Amino acid sequence: MKDQVIFFDTTLRDGEQSPGASMNTAEKLRLATQLEKLGVDVLEAGFPAASPGDLEAVKIIAQKIRGLQVAGLARASKQDIDQAWEAVKEAAHPRIHTFIATSDIHLEHKLKMNREEVIRETVNAVKHAKAYTENVEFSAEDASRSDKDYLCRVLEAAIEAGATTVNIPDTVGYALPNEFGELIRYIRQHTPNIHRAVLSVHCHNDLGLATANTLAGIQAGARQAEVTVNGIGERAGNTSLEEVVMTLYTHRDHMGLSTRINTQEIYPTSRLVSMISGIVVQPNKAVVGANAFAHEAGIHQDGVLKHTLTYEIMEPMTIGLDTNRLVLGKHSGRHAFRDKLVDLGYELGEEDVDHLFRKFKMLADKRKEVLDEDIEALVAEEILRVPDTYKLDYLNVVSGTGTVPTATIKLRIDENEAQSAGFGVGPIDATFNTIAKMTGTRSKLLRFSVSSISGGMDALGEVTVRLEEDGLVVLGKGADQDIFTASAKAYINGLNRLEYLKKNPSLHPDERRL
Ligand code: KIV
Ligand code: ZN
């Protein structure tokens, strides 16, 4: 049997630390369901001590997602570990993941502790976690910049205290692949009890080396890889799951390593993460970018038509692109639609299904085929939303050469009708200016992005906006075949989220980041 690499997904924790990628509990649960389908072994669901909202979200995931290990992150302190346990204790397979920094830079400037104190804290933390569960992971933060021999002493103490996984983060994305691989080899040779724990790697992408470093670590003997989908994460992000999985898959004969990942779920998972986090995948992103399988040069197209292997090292089908993506059409009935929702992980009430089915029929009337991603977008827009203060009734945009871009809009504001028109430097500017005038919003537009949900000329356009008002930051999303309508919907969705938070000031911090 092949040696197996354990996949530890931290999209919901380190990934959520991406600037602006916060997700609400319903979105986290939806993503956790998909990650289970993808076949990750361990899901780091959050950092329970960070906020009551984080704790609650981890708890709900632990209760509902039964087919994998659910981990909660904790600093090396009793309070953090108690909260992590409170969050994961009902999981089918709970894990506590505790960490402390081991580099002199962090010891001196951040922790203000000496090396012996850090070893003591490590042992206390692991023992405290161990009293709750057998499954304890210890991470030596900033390991790649730590003194190697000291790092080995810390790991030895952590394993002695009961850690079953020890993780080596390249926290600031500083390492070079050969050095990082060397570090893993060194740890294996100089930590006497290392065979009693799974050795794990966790890399950041500040220099674009996260995948290379992770693979170097695996080749040197690490057997857990900590990753995020699409590589989202703190600063330049984390190692991307799809890149490591597909490298191991593509080179399986030579590397001889297996995983539990169902590669056909990679593309749908990437789409979902992009939709929920609002972080658009760059078109040239390895494996899941829109251009990853697009051949532009004539000579390449000719070659691929003759034989795909001429210019393709992976088949699109392997990552779930173009296979089983045609889901439903205009003749599909409510029963098939409902089954599809369940298949996608949505267990919704009859009223929600009825509502979505009506919207689906309208979409199917306009399009030949409705894909999974389109249904995901409908659910995100119609169901995972807060109560509406503003609703778009009518939009007419005039734009073109020699014309002042103008938008005429009818809104329902708290059930009253309002109508107005406005100008802008472009059609979307005109649309947003008019909506802003009608709603009187003081919010600032921090980000606007538009992407196509599914391929083809009749694809749905998906717009994400990020709005800020008095320190509250929200995402707004909208999808439509017409990108002006999608933009208006996204802006209005963001404004509704702001209104909701303003009317519910008691919501705890996590939910204030809707
Ligand atoms: O990058 C890092 O060091 C981390 C640890 C908490 C594992 O995310
Ligand atoms: Zn990290």
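Since the model is a prediction, treat every value here as computed from it, not as a measurement. Counting starts at 1 for both ligands and their atoms, in listed order.
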> NE2 (His202) to the Zn ion (ligand 2) to OD2 (Asp14): angle, nearest 10 degrees?
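Computed angle, vertex at the Zn ion (ligand 2), rounded to 10 degrees: 90°.
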> With rounding to the nearest 0.5 angstrom, report the CD to CG distance, Glu226 to Asp9.
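The distance works out to 10.0 Å.
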> Checking side-chain hydrogen bond (donor to acceptor under 3.5 Å, both in side chains) against Arg95, which of Glu137, Glu44, Glu134 comes through?
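The single option meeting the side-chain hydrogen bond (donor to acceptor under 3.5 Å, both in side chains) with Arg95 is Glu137.
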> Among residues at least two apart in sequence or on other chains, which ones pass salt bridge (charged side-chain N to carboxylate O under 4.0 Å, His left out) with Glu90?
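By the salt bridge (charged side-chain N to carboxylate O under 4.0 Å, His left out) rule, Glu90 matches no residue at all.
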> About how many Å separate CG of Asp142 and OH of Tyr174, when rounded to the nearest 0.5 Å?
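Separation between the atoms: 10.5 Å.
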> Just how far is it from atom CD1 of Ile119 to atom OG1 of Thr102, taken to the nearest 0.5 Å?
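Here the rounded value is 10.0 Å.
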> Looking at Asp170, Ile168, Asn238, which hits side chain to side chain contact (heavy atoms under 4.5 Å, CB included) with His202?
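Of the listed options, the one satisfying the test is Asn238.
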> At a heavy-atom distance under 4.0 Å, which protein residues reach ligand 1? Sort them by chain and number, would you?
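Ligand 1 pocket, heavy atoms under 4.0 Å: Arg13, Asp14, His97, Phe99, Ser139, Glu141, Asn167, Pro169, Thr171, His202, His204.
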> In His204, what N, O or S atom is nearest to the Zn ion (ligand 2), if we give its atom name?
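Going through the N, O and S atoms of His204 one by one, NE2 ends up nearest to the Zn ion (ligand 2).
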> Consider side chain to side chain contact (heavy atoms under 4.5 Å, CB included). Of Gln224, Arg223, Arg260, which one does Gln4 pass it with?
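The side chain to side chain contact (heavy atoms under 4.5 Å, CB included) with Gln4 is passed solely by Arg260 among Gln224, Arg223, Arg260.
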